[in-house]
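This report concerns only the one structure given below.
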Amino acid sequence: MKLFVDTGDVEEVRLAAEWGIIDGVTTNPTLIAKSGKGFKETVLKICELVPGGAISAEVVATDYDTMLKEALEISSWHEQIVVKVPLIESGVRLVSTLSDKGIRTNVTLVFSVGQALMAAKAGATYISNFVGRVDDLGADGMEAVRDTVDMINTYGFESEVLVASVRHPMHVLESIRAGAHVATMPFSAMKMLFKHPMTDSGLARFLDDWNKAGLSIS
Ligand code: G3P
């Protein structure tokens, strides 16, 4: 499964990239606004920090003609850029156009299998299915992910299911169980994946025993 970090903070990208385990970065207008830096400079810096990674950058218009202009501009910045497009009618039309041009897309704000079907048929590279925001409403956000993975596999669509709005390690576990292709998460949630109390206590004991015996490596 691919792991993306969901952030507009280049320092977080730099730290995550040092681990050598991230396959890409997702941003959205909220995350870019929060970064306090310009859109293009932030996205280009992220491309540099994650060589070869898929870097999602989102259009902000909602009418087809302006969305197309924005998409062509954004995708011209760097070959690693994946154009992120909201799942609205003009967005699906845009994804069809970009797909014909060989431009990769990430369809965002997907909450249902019906929406995912529209994105897959338009030729989306990634379908971003949000889970945390659905859980916040007291429903099961992973249900649409499971059904969408089944749909992709049953009909042989080429789109990858990207689990977004991930908040904690249980979302990652369930994404793996569902067979999702990608999970994107905030840097803070990614760091939680390292954690296990038995790892911490086990390491403390190893080091304590080693030091008490007065051993050294060389
Ligand atoms: O980038 C899309 C998504 O991951 C947003 O997550 O936490 O704002 O629901 P969140």
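Just so you know, ligand 1 is whichever comes first in the structure, and atom 1 is the first atom listed for that ligand. Owing to the predicted nature of the structure, the values given are computational and were not obtained by experimental measurement. For the numbers below, each heavy atom of this structure counts, side chains included, while hydrogens, waters and symmetry mates do not.
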So which residues get pulled into Leu173's cluster when ILVMFWY side chains under 4.5 Å apart are joined, directly or through others?
-> Met170
By salt bridge (charged side-chain N to carboxylate O under 4.0 Å, His left out) - contacts of Arg146 (at least two apart) = Asp140, Glu174
Say whether Thr108, considering both its backbone and side-chain N or O atoms, lies within less than 3.5 Å of an N or O atom on ligand 1.
-> no
Arg167 N/O under 3.5 Å from ligand 1 N/O | yes
Nearest protein heavy-atom contact for [atom]: which residue, which atom, what distance?
atom: atom 2 (C) of ligand 1; value: Phe130 CZ, 3.4 Å
atom: atom 4 (O) of ligand 1; value: Asp6 OD2, 2.6 Å
atom: atom 6 (O) of ligand 1; value: Ser165 CA, 3.3 Å
atom: atom 8 (O) of ligand 1; value: Arg133 NH2, 2.8 Å

Find the distance between OG (Ser112) and CG (Asp147) and round it off to the nearest 0.5 Å.
-> 10.0 Å
Between the CG atom in Leu31 and the CG atom in Asp9, the distance rounded to the nearest 0.5 Å is 9.5 Å
Which atom of Ile22 lies closest to which atom of Ala16, heavy atoms considered = CD1-CB, 4.0 Å
Can you tell me if Thr26 has a non-hydrogen atom under 4.0 Å from ligand 1?
-> no
Is Lys84 near ligand 1, meaning one of its heavy atoms is under 4.0 Å from it?
-> yes
Going by heavy atoms in the side chains, are Met151 and Thr148 under 4.5 Å from each other?
-> yes
